[in-house]
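What follows is a single structure, written as structure tokens, with notes after it.
In this chain, residues are counted from 1 in sequence order.
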Amino acid sequence: MELYQYIGGAPTIRKIVDAFYPKVQAHPLLAPLFPEDLTPIMEKQYQFLTQFFGGPPMYTEKHGNPMMRARHFPFPITPSRAEAWLDCMKSALEDVIPSEEMRAVILHRLSGPARFFINTEE
């Protein structure tokens, strides 16, 4: 079974995204990287996470190959920003996913890409 199905599919992915972005907006290291209106970014994140966790390839169908490192390259992603992103995601997962084990699996899966996007030193 794909992780997507195991965690509850589309409704759970939507809840994760909805819980995550207010935390990003409130974070002093992350907020400056994002526009005031997060609606389009939230939709893209929902599409990407759906695909990333084994659901339908929504992101690729609408936007082409994710090429996420290249898409993040214009933004200064430092090691501390990557860790801040992961901390916000950890907090969002705590709000949405009851199972500590499942939260750990999801966070581990996201940790590699988050750190791979680092393109600037502190």
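For the atom pair OH of Tyr21 and CZ of Phe34, the computed distance is 5.0 Å after rounding to the nearest 0.5 Å. The distance from the NE2 atom of His63 to the CD atom of Glu43 is 7.5 Å, given to the nearest 0.5 Å. Separation of atoms CE (Met42) and NZ (Lys44) is listed at 14.0 Å; rounding is to 0.5 Å. Annotation: the span from Asp87 atom CG to Arg81 atom CZ amounts to 14.5 Å, rounded to 0.5 Å.
Taking the side chain as every heavy atom from C-beta outward, Ile97 and Ile106 approach each other to under 4.5 Å. Looking at Tyr4 and Pro56, their side chains come closer than 4.5 Å, going by heavy atoms from C-beta outward. When side chains are defined from C-beta on, Arg69 counts as touching Asn119, because their heavy atoms get closer than 4.5 Å. Side-chain contact between Val96 and Asp18 is absent, with no heavy atoms from C-beta onward closer than 4.5 Å. Under the 4.5 Å side-chain criterion, counting only non-hydrogen atoms from C-beta, Pro76 is in contact with Leu33. Proximity of Asn65 to Thr60: side-chain heavy atoms (C-beta onward) are nowhere separated by under 4.5 Å. Met58 places none of its side-chain heavy atoms less than 4.5 Å from the side chain of Phe48. Leu86 places a side-chain heavy atom less than 4.5 Å from the side chain of Arg115.
Annotation for Glu100: atom CD does not count as buried by contact number, only 12 or fewer foreign heavy atoms lying within 6.0 Å.
Taking the ring centre of Phe52 as origin, the terminal cationic atom of Arg109 falls inside the region bounded by 6.0 Å and 45° from the ring axis.
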Apply side-chain contact (heavy atoms from CB on, under 4.5 Å) to Leu93 and Met102, showing your working.
-> CA-CA 9 Å; Leu93 293 172; Met102 186 51 54; over 6 Å; no

CA sep, side-chain torsions, deciding dist, call: Ile16, Met89, side-chain contact (heavy atoms from CB on, under 4.5 Å) | CA-CA 8 Å; Ile16 292 169; Met89 183 57 75; 3.7 Å; yes

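Considering all non-hydrogen atoms of both residues, His27 and Cys88 come closest at CD2-SG, 4.0 Å. Leu110 approaches Pro113 most closely through the heavy-atom pair O-CD, 3.3 Å.
Remark: the backbone N or O of Tyr46 is paired with a side-chain donor or acceptor of Thr50 at under 3.5 angstrom. Counting only distance, with no hydrogens or angles, the side chain of Gln51 and the backbone of Tyr59 share a donor-acceptor pair below 3.5 Å.
For the pair Asp95 and Lys23, the salt-bridge criterion is met [side-chain N within less than 4.0 Å of a carboxylate O].
Shown here are the side-chain hydrogen bond (donor to acceptor under 3.5 Å, both in side chains) partners of Arg103, two or more places apart in sequence or in another chain: there are none.
The list of ring pair (Phe, Tyr, Trp, His ring centres under 6.0 Å) pairs with a residue in residues 82-122, not counting sequence neighbours, reads Phe20-Trp85, His72-Phe117.
With no hydrogens or angles considered, no side-chain donor-acceptor pair links Thr78 and Glu121 at under 3.5 Å.
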